[in-house]
Amino acid sequence: MKISIICVGKIKESFYREAIGEYTKRLSRYCKLEIIEVSDEKTPDKASEGEELQILEKEAARIEASLKEDAYKIILDIGGKKLDSIGFSGRIESLGIGGVSHIAFIIGGSLGLSARIKKMADLCISFSDMTFPHQLMRVILLEQLYRAYRIMNHEPYHK
């Protein structure tokens with residue numbers, strides 16, 4: 001299976017880059033992984049609602065340009081469906097069994113995702129009711145993907 005992670009912004013912190021590199025290496029035995037970073041827009045302090053909507057739309061256009069037509073689109077959003085690790089693994093496995101060969105996970109920037117991107121999603125999931133930095137969400141998603149593949153392959157994983 002091909003897994004694309006489309007995310008807004010670049011990772012600046014070396015500790016996040018190291019964790020992403022480690023999980024990318026671990027996942028290479030289970031799937032073909034690509035991480036696509038699209039540019040984020042600078043958000044002015046105390047931006048108006050209109051300015052924030054414009055920023056979200058500019059980022060949405062970049063996300064859309066990176067999406068492949070054949071991809072099953074999963075967005076990460078605080079209001080999405082919550083799955084435990086076994087449920088997440090089962091969902092990925094059932095997509096593969098059902099003929100899906102490409103999953104694109106979409107992580108928004110500091111303002112989240114535009115309504116347009118949310119509407120085009122095939123699935124919206126949430127990892128928590130808490131808010132996480134979008135850079136950290138990449139690491140969390142990669143760890144959960146690695147865990148999901150370990151579960152699918154009946155390999156040990158930490159509970």
Side-chain angles (χ1 to χ4, degrees), residues 1-41 55-128 131-153 155 157:
M1 175 162 309
K2 180 177 181 179
I3 303 282
S4 298
I5 299 175
I6 302 170
C7 35
V8 176
K10 299 214 177 293
I11 299 289
K12 295 174 186 90
E13 296 85 356
S14 61
F15 55 91
Y16 286 141
R17 283 196 310 268
E18 288 172 21
I20 289 166
E22 179 62 28
Y23 282 111
T24 297
K25 184 175 78 177
R26 290 182 187 191
L27 280 163
S28 67
R29 63 183 280 231
Y30 300 107
C31 65
K32 183 179 180 195
L33 177 70
E34 70 174 340
I35 298 174
I36 301 166
E37 294 179 329
V38 301
S39 299
D40 58 344
E41 288 289 313
I55 289 167
L56 286 172
E57 282 307 311
K58 287 178 182 177
E59 292 175 349
R62 293 180 190 127
I63 291 168
E64 227 174 348
S66 299
L67 280 170
K68 304 287 187 266
E69 269 189 46
D70 69 332
Y72 184 90
K73 294 168 261 335
I74 300 176
I75 64 167
L76 276 58
D77 185 79
I78 199 166
K81 180 177 178 58
K82 290 181 183 62
L83 301 168
D84 62 14
S85 295
I86 293 170
F88 182 64
S89 176
R91 181 61 68 105
I92 292 170
E93 185 173 33
S94 68
L95 286 171
I97 291 168
V100 172
S101 62
H102 183 192
I103 299 173
F105 289 91
I106 304 167
I107 303 172
S110 60
L111 297 176
L113 292 165
S114 76
R116 180 165 49 112
I117 295 295
K118 290 179 181 183
K119 283 180 189 161
M120 68 172 45
D122 296 301
L123 178 63
C124 177
I125 61 172
S126 171
F127 282 90
S128 174
T131 302
F132 296 106
H134 56 282
Q135 300 94 330
L136 180 57
M137 269 319 301
R138 287 188 219 181
V139 177
I140 293 170
L141 174 59
L142 287 166
E143 190 280 333
Q144 285 300 305
L145 283 167
Y146 176 67
R147 184 179 297 265
Y149 278 104
R150 301 280 295 181
I151 292 167
M152 274 184 251
N153 287 286
E155 296 170 355
Y157 69 97

Under 30°, 30 to 60°, or over 60°: which ring-plane class applies to Y149 and Y30, parallel, tilted or perpendicular?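 Answer is parallel, since the angle falls under 30°.
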Rounded at 0.5 Å granularity, tell me how far [atom1] in [X] sits from [atom2] in [Y].
X	Y	atom1	atom2	value
I103	I3	CD1	CD1	4.5 Å
D70	H102	CG	NE2	6.0 Å
S126	I78	OG	CD1	6.0 Å
I20	L27	CD1	CG	12.0 Å
E93	I86	CD	CD1	12.0 Å
S4	L33	OG	CG	8.0 Å

Which pair of non-hydrogen atoms, one from S128 and one from K82, has the smallest distance, and what is that distance?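 Here S128 and K82 meet closest at C-CE, 4.2 Å.
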Residue pair G108 / L113: nearest heavy atoms and the distance that separates them: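 Smallest interatomic distance, heavy atoms only, reads CA-CD2, 3.4 Å.
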Just checking K81: does its NZ atom have more than 12 heavy atoms from other residues, nucleotides or ligands closer to it than 6.0 angstrom?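 No, because the 6.0 Å sphere around NZ of K81 holds 12 heavy atoms or fewer from other groups.
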Any side-chain heavy-atom pair from [X] and [Y] closer than 4.5 angstrom?
X	Y	value
I117	L56	no
Q144	S85	yes
M1	Y72	no
V8	I107	no
R138	Y16	no
L123	R91	yes

Under the criterion side chain to side chain contact (heavy atoms under 4.5 Å, CB included), I'd like the reasoning laid out for L145 against I92: C-alpha separation, chi angles, the key distance, then a yes or no. CA-CA 9 Å; L145 283 167; I92 292 170; 3.6 Å; yes
Going by the salt bridge (Lys or Arg N to Asp or Glu O under 4.0 Å) test, name the single residue among E37, E57, E41 that passes it with R62.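 For R62, the salt bridge (Lys or Arg N to Asp or Glu O under 4.0 Å) check succeeds only for E41.
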If you measure from the Lys or Arg side-chain nitrogens to the Asp or Glu carboxylate oxygens, is any gap between E34 and K68 under 4.0 Å?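 Judged by the 4.0 Å cut-off on N to carboxylate O distance, E34 and K68 do not form a salt bridge.
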Might you work through the side chain to side chain contact (heavy atoms under 4.5 Å, CB included) test for V38 and E59, ending with a clear yes or no? CA-CA 8 Å; V38 301; E59 292 175 349; 5.7 Å; no
Decide yes or no on side chain to side chain contact (heavy atoms under 4.5 Å, CB included) for F132 and L76, but give the supporting numbers first. CA-CA 11 Å; F132 296 106; L76 276 58; over 6 Å; no
[Y] backbone acceptor or donor facing [X] side chain under 3.5 Å:
X	Y	result
D77	G79	yes
D122	I74	no
S89	A148	yes

Given the ring of Y23, does R26 sit roughly above its face, with NZ or CZ under 6.0 Å from the centre of the six-membered ring and within 45° of the axis?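 R26 over Y23 ring: yes.
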Check the pair S110 / H134 against side chain to side chain contact (heavy atoms under 4.5 Å, CB included), numbers first and verdict last. CA-CA 6 Å; S110 60; H134 56 282; 4.1 Å; yes
